[in-house]
Amino acid sequence: MKLNYRDAVILGIVLALAVLLAGFFFAIKPKNDDIKSDKASLETLEEERAQVETKIAEIEPLKTEITQLYNNTNDLIGDFVEYNNIVNSRKVDQYMQHFAEEAEVKIMNLSSADPTSGALSYYYFTPSFLAEDMLAQSDLNGARSASKAERMAESDALAARTQETVMQGQYSITVEGEKENLWKYMELLEEQDETIIINSVNFTNLMIKDTKTSKSSDDEEEQMPSAQFVITLYSVYDLAEPNLEAE
């Protein structure tokens, strides 16, 4: 069948539309769907990136806080005797020797023990009140109870606190020397910076000489003043430095 010009033009238009429609459905539409899918994925990734950036922004202040806490803890640890100095009884004795040498006292007897774990007690004053029942009965306006509570506040608070576990080494020593040197020995223990507690001290032969009295006979040996100390040395492990860098 022979087509006239008008029919040929119409057929050409129809074929062109068919090609365009075929191209749309087989090429353009899938690409358009891919674009929509990519946009959705992009929005999800951008949201995830925003969340990650928020977390990263929170990390730096947290790292600063951890570093500050680490430094503050190390300052507290610095108050304790270094663990290597009391790791065993021989180390405890070696660590304590310089106090006697500096005070120029003679060591007569000593006993040191290997460190053990124990509670670090709080030292505080607990007020006492006589006849508390009578006090309560006479407190008609509550003023005395309020005053008592105020005076007891510190000791009550410390008594309620948990006692921390630390390492402790026991050291008992008897030293002999001039009275002034014994005082110096005790002052050295009191004034040093490490956490050392004098649990007890007992002085003997600290008699004050009276120059007006007659001197003792030559065959009577003069006894040197002496002092017996019971001492506890406290230690903790060094704090390992935290790893704040991301792997």
Side-chain angles (χ1 to χ4, degrees), residues 1-88 91 95 114-124 149-150 153-169 192-196 233-247:
M1 181 179 66
K2 186 176 180 181
L3 299 175
N4 56 31
Y5 177 77
R6 179 176 175 275
D7 293 335
V9 171
I10 293 174
L11 180 61
I13 294 174
V14 171
L15 290 175
L17 289 174
V19 171
L20 290 175
L21 290 174
F24 175 78
F25 284 105
F26 291 102
I28 298 176
K29 188 176 184 301
K31 290 295 183 181
N32 188 52
D33 292 340
D34 290 342
I35 291 173
K36 291 181 179 179
S37 177
D38 290 343
K39 285 183 177 180
S41 298
L42 179 60
E43 290 178 357
T44 301
L45 291 174
E46 287 179 343
E47 183 178 352
E48 292 177 355
R49 184 182 67 177
Q51 294 176 354
V52 170
E53 290 177 347
T54 300
K55 292 180 179 180
I56 292 175
E58 294 173 350
I59 287 175
E60 289 304 321
L62 181 59
K63 288 169 63 175
T64 301
E65 183 178 350
I66 293 174
T67 301
Q68 185 62 46
L69 180 61
Y70 170 74
N71 293 334
N72 293 341
T73 304
N74 272 337
D75 290 340
L76 294 176
I77 291 175
D79 293 333
F80 289 86
V81 180
E82 186 179 349
Y83 174 68
N84 290 334
N85 289 331
I86 65 166
V87 66
N88 53 45
K91 286 290 188 179
Y95 179 79
D114 291 339
T116 59
S117 61
L120 183 60
S121 302
Y122 295 99
Y123 290 85
Y124 54 88
E150 183 179 356
E154 181 180 29
S155 60
D156 288 345
L158 291 175
R161 292 183 64 177
T162 302
Q163 295 183 354
E164 301 296 336
T165 299
V166 296
M167 292 172 286
Q168 55 187 33
Q192 53 80 39
D193 295 331
E194 309 295 339
T195 307
I196 297 177
L233 299 83
Y234 294 95
S235 181
V236 295
Y237 290 115
D238 290 339
L239 187 65
E241 184 173 359
N243 182 14
L244 301 179
E245 299 302 326
E247 296 293 340

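Small disclaimer: the values here were computed from a predicted structure and weren't measured.
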Revision key, fill the gap. Residues 155-166 vs side-chain hydrogen bond (donor to acceptor under 3.5 Å, both in side chains), sequence neighbours excluded, gives none
Exercise for review: For Y83, enumerate each residue passing the ring-ring contact (aromatic ring centres under 6.0 Å, His included) test, keeping only those at least two apart in sequence or located in another chain.
Suggested key: Y237
**Study point:** Under the side chain to side chain contact (heavy atoms under 4.5 Å, CB included) test, residues paired with I77 that sit two or more places apart
**Key:** T73, N74, V236, D238, L239
Study note, to complete from the structure: Those residues at least two apart in sequence (or on a different chain) that pass side chain to side chain contact (heavy atoms under 4.5 Å, CB included) with N85 are V81, E82, Y95
Check your understanding: Backbone N or O of D79 within a donor-acceptor pair of the T195 side chain at under 3.5 Å?
Key -> yes
**Study point:** More than 12 heavy atoms of other groups within 6.0 Å of E150 CD
**Key:** no
Point to revise | Approximate separation, where rounding is to 0.5 Å, of L233 CG and I196 CD1 | key: 4.5 Å
Check your understanding: Between Q192 and E194, is there a donor-acceptor pair closer than 3.5 Å when you use the side chain of the first and the backbone of the second?
Key -> yes
Revision key, fill the gap. Tightest non-hydrogen contact, residues S235 and I86, listed as CB-CD1, 3.3 Å
Exercise for review: Using side chain to side chain donor-acceptor pair (under 3.5 Å) as the criterion, list what pairs up with Q68, not counting sequence neighbours.
Suggested key: N72
**Study point:** With L120 via side chain to side chain contact (heavy atoms under 4.5 Å, CB included) - residues at least two apart
**Key:** F80, V166, Y234
Review point. Counting heavy atoms not belonging to N71, are there more than 12 under 6.0 Å from its CG?
Key: yes
Point to revise | Partner residues of E48 under the side chain to side chain contact (heavy atoms under 4.5 Å, CB included) criterion, sequence neighbours left out | key: T44, L45
